[in-house]
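What follows is a single structure, written as C-alpha cells, with notes after it.
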Amino acid sequence: MPEWSQGLRPRPGSAVIADVASERVAGRGARTSRAELALKSLGPDLEPRERLRRILEQVLVFAGAMVAAAYTHSEDGDQLCLAESAGVPRSLYGLRDSYPLTGGTPAADVHRSGRPLWLTPEDLGRCADARRLPNGDFSLAVLPLGDGGCLAAVSERAGGFDADDRECLQLLAGSVACPAPAAPALAGSTDSGEPADSSFSLAMDSGRITVDDEVLELFGIGPDEFDGKVETLLALTVPEDLPSLMSVVEPGHMSIGDRELEFRILQPSGGPRWLRLRGRLLPAEQGRPALLVGSVADASRMRAGVSDVTRVQRLAAALATAGTVREVGRAVVTALRKPLQADRIALAELEGDRLVVTVLDPPEPDSWPELWRSEWRSEWPDAPVRAMPTLASALSEGRAAIWPAGTPLEPAVADVGPGGLAVLPLAAGGRMAGVCLIGWDAPHDFGPDERALLTAAANLAGQALMRAHAFDAEHELVGMLQRSLLPRRLPRLPGAVAVARYLPTTAGLELGGDWYDVIPLPDNHVALVIGDVQGHNAQAATLMGQMRTALRAYAVEGHPPDVVVSRANRLLMDLETDLFATCCYVDVDMEEGSAWCVRAGHLPPVLRHPDGSTEVVESEGGPPLGVVAQADFPMSPLRLQPGTLLALTTDGLVESAELDIEVGLARMAAELAASDPAHLGLVADALLAGANRSDDVALLLMRYEGMALRPLRESWTVWRVPEAVRHARRFTRRTLRSWGVAEEADAALLAVSELVTNALVHTDGRVRLDLTLINHRLRIAVADSSPRTPIKPTSIGWEATGGRGILLVEAMSAAWGSVPVSGGKQVWAEIVLESAPRVGDATGAAP
C-alpha cells in the first residue's frame with residue numbers, strides 16, 4: 001500500500017439569511033442536511049446521466065470542490081473510465097479520463113480497498129501518479145462508489161476537505177449510480193445510436209466544422225451561406241457568452257469527455273436565442289485530429305427549468321482562463337448580473353482597511369452611493385471599510401449574507417441595493433481576498449436556487465481572485481527582475497545615437513534570456529552587444545545576467561572583440577550549466593567609422609546605408625557560447641559611413657513557427673529601408689509591431705553620425721633606461737608644441753614625469769605613454785603590465801622620500817584615475833586647457 005494511502009451580526013428587525021457555505025458554525029451536519037434535501041429534490045424522472053450530473057454539481061456547492069468527477073468500469077473491466085464531470089476543466093488538476101485497475105493510482109487503490117482517500121498536497125507529491133499532476137496547492141478526495149467505481153473531488157482550500165466536507169461527500173457518493181461510459185459518439189448520432197436532431201463535428205486543429213441543416217437553421221444560416229468555419233458560428237454569439245463558449249471549442253481549454261453549455265446567439269430580428277450545446281471531445285488518433293462531436297438544441301423552451309448550476313459551470317469555465325484580477329471581476333459580472341437581473345454589482349479586493357474596487361457594473365459614478373462618489377479616485381473608487389460597518393462585520397466573520405428590501409443598513413451599503421442586497425465575502429486559502437456586492441433597485445425575492453448560485457459563485461470567485469492576485473504580483477516581480485538585469489539607460493555616445501527595446505514573452509510567467517548592452521570603451525570605441533540564453537526560466541535569466549556582466553568586464557579590460565567573446569565562452573563552460581547562449585559583439589571605432597563584428601551562433605547585424613539600401617551582413621561566425629571549449633570566434637570588418645544605421649536583434653523578432661529566419665531578416669531589412677533613421681525610437685517601435693510575443697525580443701539600434709571633432713593622438717614606448725623619464729618629457733614637449741599647447745605645458749610635463757616614474761619604479765615590463773587632445777582637454781595616460789592600482793597616501797612625513805607623485809598628479813589635473821587594460825592597467829590624468837590649440841585643421845586632425 002503506498003505511503004499516502006495511510007460577519008455579520010444581525011440587527012434587531014433585520015432578516016439576515018446566511019448562505020449555505022457559512023452554516024458550518026451552527027454545528028456539524030448542517031450542510032449535510034441541506035445536501036440530503038437537495039438529493040430528495042432530484043425527481044425520479046431524471047435520466048441517469050442527468051441525475052449524475054446534478055449530484056456532481058451538488059458536490060461543487062456543498063463540499064466546496066473546484067471539480068468533481070465520477071469513474072466507472074470500462075466495458076472490458078480493466079479500467080476505471082470517466083462517466084461524468086463538473087466544475088472547472090479537469091486538466092487543470094491532472095485528472096485523467098481513465099485509470100488502469102492494476103496501477104498505483106489513488107483511483108485504483110480506492111477500487112481495491114473500498115475505503116476513501118483524503119490526500120493533502122504533500123500526499124499527492126509522494127504518490128506514484130505525481131509526475132502526471134500539475135504543481136499546485138490542492139487536495140484530492142477519492143471515494144468508492146457502489147458499482148466499484150469512484151468519485152474524485154478537488155479542493156483548493158487550506159487544509160483540504162474538513163469534517164463537514166467529508167460527511168457531505170460520503171453522503172453524495174452513496175447516491176451516485178454511474179451509467180456506462182459514453183461510447184465515442186460520431187457527429188450525426190446520439191448516445192443511443194439514433195440520429196440526432198442537430199449534430200456537428202469540429203476538427204480541433206483546423207477549426208473546420210461539419211454541421212447538418214438543423215444546426216444551420218438554429219443559427220439562422222442557409223446551407224449555401226455557410227463556409228465551414230467555426231468562427232462564422234462564433235460571430236453570432238452574444239459577446240457576454242463568448243468566453244464560456246470558447247472554453248469548449250478551444251483545444252487548450254477543453255478536456256476529453258462530455259460537456260454541456262447554454263449560450264445565446266443574436267437572431268436576424270435582433271433578439272437573443274438560447275441554445276444548448278452537448279459535446280464530447282474525442283482524442284486524436286492516427287490519421288485523424290481530435291474531434292469535438294455533439295449536438296445543438298433550442299433551449300428557449302427549457303429556460304424555466306434550467307438549473308442555476310449551469311451558470312456556475314459557465315462561471316467556472318470563465319474563471320479558469322481569467323489571468324488578472326480585472327478579468328476575474330468581469331467574469332463574475334457576466335455570470336451573475338443578468339441571470340440574477342441585478343441592477344449593480346461590484347467586486348473589490350481587500351487591502352488593509354480599504355476596499356480597492358476593481359470592477360463596477362454599471363461603471364457610471366451616478367449609479368453608486370454618494371460616499372462611493374466622494375471617494376472616487378482615478379478610474380475606480382477606493383472605499384474605506386470603516387465607513388461601512390455592515391461590510392466590516394461580514395468580512396470579519398467571513399459569512400455571506402442576503403438582506404431583503406427594507407432592511408435598515410447604513411446608507412453607503414443600503415443604497416447599493418435598496419430592493420435587496422447580497423454581500424459575498426470572497427475567501428480563499430484561509431484569508432479574505434475581497435468582497436462582491438450585488439444590489440437590486442426593485443424588491444427582490446431570494447429563492448433557494450439563487451442562494452446556492454451565490455454560494456458557489458463566491459467560492460469560485462474567491463479562489464480565482466487569489467490566483468489572479470498572485471498572478472499579477474508574479475508578473476510584476478518577473479518584470480522587475482527582468483528590468484533589473486538589463487541596462488536602466490543607454491550611455492551617450494560620441495558620434496552616434498543608440499536606442500534599445502525589450503519585449504518579454506506573453507506566454508505565462510516566464511523569465512527570458514535575451515539581453516543587450518552598450519559599453520563605452522577608451523579611445524572613443526563603443527561595444528554593442530546583444531545575446532540570447534537558451535530557455536525561459538529563472539536559470540536562463542540568471543545566466544543572462546552573468547553573461548552580460550562577464551562580457552562587459554572583459555570588454556572594459558581592453559581585450560579585442562574575439563578575445564572578449566572567447567573568454568565569455570570559457571566562463572560559460574566553467575559554470576557547468578546545461579544551457580548555452582548566443583551572442584553578437586560589435587566593437588565600433590567612432591573616430592574612424594570602422595567596426596569589428598564577432599558572432600557566436602547569433603543573428604548577423606543588419607545595416608541601413610545612408611542611401612537607403614540595406615544589407616544583412618555576411619560574416620563568419622563561431623558556435624554558441626558554452627558548447628565547445630576551444631572554439632574560434634573570427635572577427636569580420638564593418639565599414640560605417642555617417643548616416644549608417646546598425647541593427648542587432650534576437651530571433652524572437654524575425655523567427656516564429658510561421659516565419660523562417662531568413663525571410664524574417666529580409667523583412668526586417670525591408671522595413672529598415674523604408675524607415676526614417678532620424679527618429680530611431682519610431683523605427684524601433686515599428687520593427688516591434690509585428691514581433692512574435694511567444695518569445696522574448698531584444699532590439700538594439702545605433703545611428704552612426706561620425707565625430708565632428710576628432711582627437712589628436714600620439715604615443716611613446718618608454719624604454720627602461722636611466723634617461724627614460726627625460727625622454728618621455730622631451731616627447732611630450734615636442735608633441736605639445738606641435739599641437740600649439742604652451743601655457744599648460746609645465747603642468748603636463750610634471751604629470752608625465754610622475755606617472756612614468758611610478759610605472760618604471762613599481763612595475764615590470766613594457767610602459768607606454770599616450771597623449772590625447774580633444775575639446776580643450778589634454779589626457780595623459782601611462783599603461784603598464786601591473787594590475788595593481790596606485791594608492792593615494794593619507795599622510796606623508798617630512799622625512800619620506802616618496803609617495804608624493806599621485807598627490808602632485810591630483811593637484812595638477814582636473815581628474816585622474818586608473819582602468820584595467822589587457823591584464824595590466826592604465827593610469828590617466830586630464831588637464832583642462834584655457835585656450836584652443838593654435839594648429840590643426842577644423843576637424844582637429846594633426847598637421
Side-chain angles (χ1 to χ4, degrees), residues 483-502 513-533 543-572 581-600 602-605 619 622 625 633 635-638 640 644-650 680 684 698-707 711 772 779 781 783 787 817-826 828:
R483 291 190 296 270
S484 68
L485 294 174
L486 295 173
R488 296 184 62 184
R489 62 180 64 89
L490 299 185
R492 298 184 116 187
L493 304 180
V497 178
V499 300
R501 295 288 188 270
Y502 175 80
D514 293 18
W515 88 91
Y516 60 86
D517 206 353
V518 177
I519 310 171
L521 300 174
D523 300 333
N524 292 319
H525 279 241
V526 173
L528 306 177
V529 189
I530 198 162
D532 184 4
V533 176
L543 190 61
M544 176 263 281
Q546 293 173 314
M547 295 310 298
R548 177 181 167 239
T549 302
L551 284 164
R552 173 174 280 268
Y554 295 140
V556 171
E557 283 185 353
H559 301 293
D562 56 342
V563 175
V564 171
V565 177
S566 179
R567 292 197 173 189
N569 176 61
R570 289 200 298 270
L571 173 65
L572 185 54
T582 64
C583 168
C584 182
Y585 183 101
V586 181
D587 186 328
V588 183
D589 185 341
M590 294 296 178
E591 297 178 18
E592 302 296 334
S594 60
W596 289 99
C597 172
V598 176
R599 294 193 303 116
H602 201 80
L603 303 176
S619 59
L625 305 178
F633 298 96
M635 297 194 301
S636 301
L638 301 177
L640 307 179
T644 300
L645 192 153
L646 173 66
L648 302 174
T649 187
T650 55
L680 276 191
L699 176 66
L700 181 58
L701 302 179
M702 187 196 75
R703 184 181 69 244
Y704 176 71
E705 299 171 342
M707 297 185 65
T772 305
R779 182 183 176 96
S818 176
V819 294
V821 174
S822 298
K825 68 175 180 298
Q826 184 187 75
W828 58 270

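For clarity, every value in this text was computed on a predicted model and none was experimentally measured.
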Which pair of heavy atoms, one from [X] and one from [Y], lies closest together, and at what distance?
X	Y	result
L521	A527	CD1-CB, 4.0 Å
V526	P494	CG2-CD, 4.4 Å
A698	I530	O-CD1, 3.6 Å
D523	E591	O-OE2, 3.7 Å
L572	A581	CD2-N, 4.0 Å
A684	R501	CB-CG, 3.7 Å

Once you round to the nearest 0.5 Å, how far does [atom1] of [X] lie from [atom2] of [Y]?
X	Y	atom1	atom2	value
L625	N569	CG	CG	5.5 Å
T644	L638	OG1	CG	10.0 Å
M544	L486	CE	CG	4.5 Å
L640	R703	CG	CZ	13.5 Å

Find out whether [X] and [Y] are in side-chain contact, i.e. whether some heavy atom of one side chain is under 4.5 Å from a heavy atom of the other.
X	Y	result
V586	M702	no
V529	W515	yes
I519	Y554	no
C597	Y585	no

### Query
In a check of side-chain contact (heavy atoms from CB on, under 4.5 Å) between T649 and each of L701, L700, L603, which one passes?
L603
### Message
Is it the case that the side chain of R548 and the backbone of L543 share a donor-acceptor pair, with hydrogens and angles ignored and the cut-off at 3.5 Å?
### Response
no
### Query
With no hydrogens and no angle check, is any side-chain donor or acceptor of Y704 less than 3.5 Å from a backbone partner on M590?
yes
### Message
Applying side-chain contact (heavy atoms from CB on, under 4.5 Å) to D517 and L551, what does each step give before you reach the verdict?
### Response
CA-CA 9 Å; D517 206 353; L551 284 164; over 6 Å; no
### Residue pair T650, H602: steps toward the side-chain contact (heavy atoms from CB on, under 4.5 Å) verdict
CA-CA 8 Å; T650 55; H602 201 80; 3.9 Å; yes
### Message
Between S619 and R599, does the side-chain contact (heavy atoms from CB on, under 4.5 Å) criterion hold? Intermediate values first, please.
### Response
CA-CA 8 Å; S619 59; R599 294 193 303 116; 3.0 Å; yes
### Task
Determine, step by step, whether L490 and Y516 satisfy the side-chain contact (heavy atoms from CB on, under 4.5 Å) criterion, reporting the C-alpha distance in whole Å, the side-chain angles of both residues, the deciding distance to 0.1 Å, and the verdict.
CA-CA 10 Å; L490 299 185; Y516 60 86; 4.0 Å; yes
